[in-house]
**Student:** 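Here it is, the structure, as structure tokens.
Counting starts at 1 for both ligands and their atoms, in listed order. Since we're looking at a predicted model, the values are computed, not measured.
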Amino acid sequence: MDAAACVHMEARGDVCVITIDNPPINATSLAVRQGLMAAIFDFKTNSDFQAAVIVGAGSTFVAGADIREFGKPMQEPILPEVIRAIEDCGKPVVAALHGAALGGGFELALACDARVADAKTVVGLPEVSLGIIPGAGGTQMLPRRVGVSRAIRMICGAQRISAKEAKSLNLLDEVVASDVLDAAVALARRMQGKKCRIRDEAVPAEGPALIQQAAEDAMRAGKRRPAVEAAMEAIKSAAVLSIDDGLADERAVFLQLRLSREAYALRHVFFAERDSAKLPSELSATPIPVETVCVIGAGTMGTGIAISVLDAGMQVILLEQDAAALQRGQDRVIAHYRDRVAAQKMKADVAQAREACLHSTLDWADMAKADLVIEAVFEDLAVKQEVFKKIDQFARAGAVLATNTSYLDVDAIAQATSRPQDVLGLHFFSPANVMKLLEVVRGKDSRPDVLATGMALGKRLRKLPVLAGNHFGFIGNRIYNAYRNQCEFMLEDGAWPEDVDASLKQFGMAMGPFAVADLSGLDIAWRMRQAQAASRAPGVRYVDILDRLCEAGHLGRKTGAGYYTYVDGKQQPTTDEAVRHIIEDASQRRGIQRQPLNSATIQRRALLTIVNEAARLMGEGVASRATDIDVVLVHGYGFPRWEGGPVFWARQQNREALTQEIKDLASQCGDGFVLADLSVLFEDQ
Ligand code: T1G
């Protein structure tokens, strides 16, 4: 779009209304910046106008700079020039905010002489979540209004705050329930030509202890990432540098970080998250409307799903066959809302409204009121098939039928009904009301509108829905199994659990695989392995350390011992000679002379395995988009977001060398490692 198409001017008497119209989020693209410069110049030089209002067209003010421009050379006018034009135009400019004023959008608003927002507006400077810092004055203007410590918390924590909170911090002049543009025009008139520039204000004095505490909290929460540290230093400098020196320093750091690999990785994840919610074109269909969801099973997963659906403002029928279990589930949901009210994270009337949408029942016939039914019962195929036979009997015609299985065959479940075309998998991750990832699993008969309904439900629940094919483990668990196997190979080859976990945590994984196994309970994996034993191909390298630990009663944290020893709940490298012996014995039975593995080798072998399995999934059509795999691993398995995900990570490697390394690893691991064609990971970039 050209500048004239993105920015319009109209007169409201002696107030000039400048409207930014750059769908979908009014990003300050080059055309918007050009349009604003022209509009501000016309406003400044037209004596008919004594004030101006800047407003966004559509659903939001300006939600930031155009992230798609970041990988390209900056083009003038840059946003700081637009901001100086507003500050130096000699007449008052009022920002009329609605929707979101984020990043460059909020910097634009802070450049104005006053700000009016509607009550639902969200404001913030979340740039660190993209690996950068505010680049148009945010680190210098915000502390002038809220002080250094609060600015550190807001910017380093990528906080998005409500209009109410922003008003309480003197970041907004008015919050209105009515038409925000009318209110802004009226305020502009009342300013009678007076400027009120934040750049002219001094940073309020603050005790060093407050600033120090905010800094420590920010570094800890921000995992000491470079952008968090850089933002903190820029904010602190606002208290000692002139505004122009502070702005110059901020801009230099922004330009440097903008080109960093971490910023590139975080932008990749940002767009991958949005792409993953889109069905492939060949599956595009209109979702079936869903307002009432029947959740079968009031256990941890079932109640988590129920809360997630209630939070989206929908009706929930919570169905159990056991009265006591139903009561427990219902109590868990109610307690959840009571806790949120007590923590002042939710208003009591909102919590009551949510609870009022929960309908618990033991009567299967009540399911007929549901537009979508999702079962979250015991993870056993026969049990799920029995449940689906009853769903088929009681669910209304046209209802979407979903299983929450995490790895079972969705087709085998669907075949238990007379309507497999209405069945899909909706694999929520526990806790279901917290984890954003949702694997939408396509059965061989699943209709496109049924899949579209699953994706639409995911978005409505504010989750990240990713389409997955119906193969064992779908996307996430399939890759995680391969990664776990490789880590067990490394135990046999000579590493200890604490070596592997420490190395992968150093790479950035949220937890090491053996700490995860101990936490969830080794018997869960043991049960799954026993179920698969019959289908395990002969000759495939299988490490039985976990089985031997379970046979010895070492089930992980819950028994005080697994791969680690737990003393008063604290994890420590195993002190149990029996555990060490189990690991050494496995090496001996494999004929391996144990050799220690260094951290780089451990990281490399784990990452190569993940990349290879990702390529297999693409080759088998289980994942329809390579970058979907990055979304799954980042949001479901603790892969470090700042590395962009395994596919992004692979694309940063030398392709030929990477291919050779994986070939070498495959030959080292034998039949336990199926070599994939990596080219599928490089195609859609
Ligand atoms: N740039 C380009 N495209 C963007 C964008 C952006 N900043 N934000 C969103 N989009 C696209 C997105 O890819 C999707 O496209 C569509 O808009 C809807 O997005 C100078 C340097 C605003 C809360 O970090 O948080 O300013 O898939 O699905 O759920 O200091 O988008 O439809 O083709 O997310 O309603 C700072 C990022 C930038 C805000 C709306 N700003 N955006 O959520 O829609 S850096 C941000 C969001 C900066 C300055 C610095 C959300 C939203 P498509 P969506 P939504």
**Student:** Check whether any N or O atom of I67, backbone or side chain, sits under 3.5 Å from an N or O atom of ligand 1, and answer yes or no.
**Tutor:** yes

**Student:** Is there a nitrogen or oxygen of L102 sitting under 3.5 Å from a nitrogen or oxygen of ligand 1?
**Tutor:** no

**Student:** Which of these, A100, A65, A27, has its nearest heavy atom closest to atom 7 (N) of ligand 1?
**Tutor:**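 Heavy atom nearest to atom 7 (N) of ligand 1 belongs to A65.
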
**Student:** Backbone, side chain, both or neither: what part of L130 comes under 4.0 angstrom of ligand 1, heavy atoms only?
**Tutor:**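 L130 to ligand 1: side-chain contact only, backbone stays beyond 4.0 Å.
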
**Student:** Among protein heavy atoms, which sits nearest to atom 11 (C) of ligand 1, and what does the distance come to when rounded to 0.1 Å?
**Tutor:**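 The protein heavy atom lying closest is P24 CG, 4.3 Å.
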
**Student:** Run the ring-ring contact (aromatic ring centres under 6.0 Å, His included) test against F43 and tell me which residues pass, sequence neighbours left out.
**Tutor:** none

**Student:** Would a 4.0 Å cut-off, counted as strictly less than, catch a protein heavy atom around atom 44 (O) of ligand 1?
**Tutor:**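 No, there is no protein heavy atom closer to it than 4.0 Å.
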
**Student:** What atoms of ligand 1 come within less than 4.0 Å of a heavy atom belonging to F271?
**Tutor:**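 Checking each atom against F271, I get 13 (O).
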
**Student:** Regarding D630 and T627, is there a side-chain donor-to-acceptor distance under 3.5 Å anywhere?
**Tutor:** no

**Student:** Tell me whether D311 is salt-bridged to R354, with the criterion being a basic N under 4.0 Å from an acidic carboxylate O.
**Tutor:** yes

**Student:** Considering only the protein, which heavy-atom contact is closest to atom 15 (O) of ligand 1, and what is its distance?
**Tutor:** R68 NH2, 4.4 Å

**Student:** What protein heavy atom lies closest to atom 10 (N) of ligand 1? Include the residue and the distance to one decimal.
**Tutor:**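 Ranking protein heavy atoms by distance from atom 10 (N) of ligand 1, first comes I25 CG1, 3.9 Å.
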
**Student:** So, taking the atom named CG in L36 and the one named CZ in R33, what distance separates them when rounded to the nearest 0.5 Å?
**Tutor:**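 Result: 10.0 Å between the selected atoms.
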
**Student:** Any atoms of ligand 1 less than 4.0 Å from a non-hydrogen atom of D66? List them with their elements.
**Tutor:** 1 (N), 2 (C)

**Student:** Closest by any non-hydrogen atom to atom 31 (O) of ligand 1: pick that one out of R274, R258, E250.
**Tutor:**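 Residue with the shortest heavy-atom distance to the ligand atom: R274.
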
**Student:** Which heavy atom in H98 sits nearest to a heavy atom in D118, and how many Å separate them?
**Tutor:**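 The pair with the smallest heavy-atom distance is CB-OD2, 3.5 Å.
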
**Student:** Decide whether an N or O pair under 3.5 Å exists between G104 and ligand 1.
**Tutor:**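 Between G104 and ligand 1, an N or O pair is found under 3.5 Å apart.
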
**Student:** Could you tell me, atom by atom, which parts of ligand 1 come under 4.0 Å of a heavy atom of E107?
**Tutor:**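 Every atom of ligand 1 under 4.0 Å from some heavy atom of E107: 20 (C), 30 (O), 49 (C).
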
**Student:** Pull out every atom of ligand 1 sitting under 4.0 Å from any heavy atom of F70, numbered as shown with elements.
**Tutor:** 21 (C), 45 (S)

**Student:** I want to know if ligand 1 touches D275 in the polar sense, i.e. an N/O pair below 3.5 angstrom.
**Tutor:**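 No - when backbone and side-chain N and O of D275 are compared with those of ligand 1, no distance drops under 3.5 Å.
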
**Student:** For ligand 1, is there an atom lying under 4.0 Å from some heavy atom of G138?
**Tutor:**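 No, that is not the case, since the closest heavy atom of the residue is not under 4.0 Å from the ligand.
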
**Student:** Does any N or O atom in R160 lie less than 3.5 angstrom from one in ligand 1, N or O only?
**Tutor:**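 Yes, there is a polar N/O contact under 3.5 Å.
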
**Student:** Just jot down the ligand 1 atoms closer than 4.0 angstrom to any heavy atom of F270, in number order.
**Tutor:** 8 (N), 9 (C), 13 (O), 37 (C), 42 (N)

**Student:** Could you tell me whether atom 35 (O) of ligand 1 has at least one protein heavy atom nearer than 4.0 Å?
**Tutor:** no

**Student:** Could you list the atoms of ligand 1 found under 4.0 angstrom from a heavy atom of K278?
**Tutor:** 27 (O), 33 (O), 53 (P)

**Student:** List the closest protein heavy-atom neighbour of atom 22 (C) of ligand 1: residue, atom name, distance to the nearest 0.1 Å.
**Tutor:**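 Ranked first by proximity to atom 22 (C) of ligand 1 is A63 CB, 3.4 Å.
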
**Student:** Should the ring pair F648 and H268 be called parallel, tilted or perpendicular, given that the plane angle runs from 0 to 90° and is split at 30 and 60?
**Tutor:**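 Ring orientation of F648 relative to H268: tilted.
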
**Student:** If you count the atoms of ligand 1 from 1 in the order shown, which ones are under 4.0 Å from a heavy atom of P134?
**Tutor:** 30 (O)

**Student:** Heavy-atom contacts with G64 under 4.0 Å: which atoms of ligand 1 show up? List them by number with element.
**Tutor:**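 Checking each atom against G64, I get 26 (O), 41 (N).
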
